[in-house]
Enquirer: 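Got a structure here, written out as structure tokens. Questions coming.
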Amino acid sequence: ISKPGTLRGYALHRLVQGLTSDKSALFVDMGDKILVRTQKGITTSGIPIRVCSFGDVLAFELRASVGRKRKGKHIYFPLADWRSRHEWLSRQGTLKGFEILSLHSSSSIAKIDDGNGRKFTLDQTDFVGVLKVTDQEKFSAALRNGIGSTGKTFGFGMLLI
């Protein structure tokens with residue numbers, strides 16, 4: 001879907017929520033466009049999620065909020081700790097039906113402002129790499145539902161292949 005290049009953050013989140021009638025959706029900000037993945041199509045020119053088979057080797061991109069929860073609180077890894085981030089994605093792969101063959105990551109802090117005075121930060125880790133599908137059913141679910149649990153409503157978690 002086309003969008004102004006300056007539309008970002010919480011306003012983009014609200015736009016996607018409006019398009020999907022407040023149902024959960026994954027999306028990625030691609031600058032002048034957003035890619036939205038929903039159960040119900042938004043446009044007549046929607047593209048179905050790619051079907052992948054056991055053993056497929058695929059290049060991928062993923063923006064995720066990486067860390068752990070301790071007593072209900074998010075604990076993020078230090079920005080320079082790429083090993084912990086790679087281990088996190090490897091664990092996700094085991095659960096989601098894929099194995100990492102090659103991986104690069106970069107990380108920063110995403111600042112979220114909901115426009116109503118609520119401000120908070122999220123870990124923002126961008127992964128690029130190559131994966132191998134080890135379980136077709138689990139991997140298909142990962143494409144539909146995303147990776148990770150934090151930040152999906154703010155454009156995190158969509159696995160792009």
Enquirer: Just wondering, do Thr125 and Leu89 contact through their side chains at under 4.5 Å, heavy atoms?
Expert: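 Counting from C-beta outward, Leu89 and Thr125 never come under 4.5 Å.
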
Enquirer: Roughly how far, to the nearest 0.5 Å, is CZ of Phe27 from CD of Gln17?
Expert: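 Here the rounded value is 8.0 Å.
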
Enquirer: Do Ile34 and Leu7 have side chains that get closer than 4.5 Å, going by heavy atoms?
Expert: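 Of all side-chain heavy-atom pairs linking Leu7 with Ile34, none is under 4.5 Å.
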
Enquirer: Between atom CZ of Arg50 and atom CG of Leu58, what is the distance when rounded to the nearest 0.5 Å?
Expert: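 So the CZ of Arg50 and the CG of Leu58 are separated by 5.0 Å.
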
Enquirer: Begin from the C-alpha positions of Arg63 and Val28 and carry the test side chain to side chain contact (heavy atoms under 4.5 Å, CB included) through to its verdict.
Expert: CA-CA 9 Å; Arg63 172 169 286 170; Val28 172; over 6 Å; no

Enquirer: Can you find a heavy atom in the side chain of Arg37 that is under 4.5 Å from one in the side chain of Leu143?
Expert: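 Side-chain contact under 4.5 Å: yes.
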
Enquirer: Could you give the distance from CD1 (Ile161) to CG (Asp56), rounded to the nearest 0.5 Å?
Expert: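 One finds 8.5 Å between CD1 of Ile161 and CG of Asp56.
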
Enquirer: Hey, does Ile100 have a side-chain heavy atom less than 4.5 Å from the side chain of Phe127?
Expert: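 When only atoms from C-beta onward are counted, Ile100 and Phe127 do not touch, as no gap falls below 4.5 Å.
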
Enquirer: Is it the case that atom CD1 in Ile109 sees more than 12 heavy atoms from other parts of the structure closer than 6.0 Å?
Expert: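 Count over threshold, so yes.
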
Enquirer: Quick one: pull up CD in Gln124 and CG in Asp126 and give me the separation to the nearest 0.5 Å.
Expert: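 With rounding to 0.5 Å, CD (Gln124) is 5.0 Å from CG (Asp126).
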
Enquirer: Is there a side-chain contact between Leu122 and Tyr76, using heavy atoms and a 4.5 Å cut-off?
Expert: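 Yes, their side chains come closer than 4.5 Å.
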
Enquirer: Between Ser105 and Arg85, is there a side-chain donor-acceptor contact under 3.5 Å, judged purely by atom types and distance?
Expert: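 No, no side-chain donor-acceptor contact under 3.5 Å.
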
Enquirer: Does atom CZ (Arg91) have a neighbourhood of more than 12 heavy atoms from anything else shown, all under 6.0 Å?
Expert: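 Enclosed: over 12 neighbouring heavy atoms sit under 6.0 Å from CZ of Arg91.
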
Enquirer: Locate the shortest heavy-atom distance separating Ser65 from Phe156; write the atom from each residue and the value.
Expert: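 Scanning both residues completely, I find the closest heavy atoms to be N-CD2, 3.5 Å.
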
Enquirer: Lys3 and Leu15: side chain to side chain contact (heavy atoms under 4.5 Å, CB included), yes or no, with the steps?
Expert: CA-CA 10 Å; Lys3 74 164 190 75; Leu15 180 138; 5.7 Å; no

Enquirer: With a 4.5 Å cut-off on side-chain heavy atoms, are Val51 and Gln136 touching?
Expert: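 Yes, at least one pair of side-chain atoms sits under 4.5 Å.
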
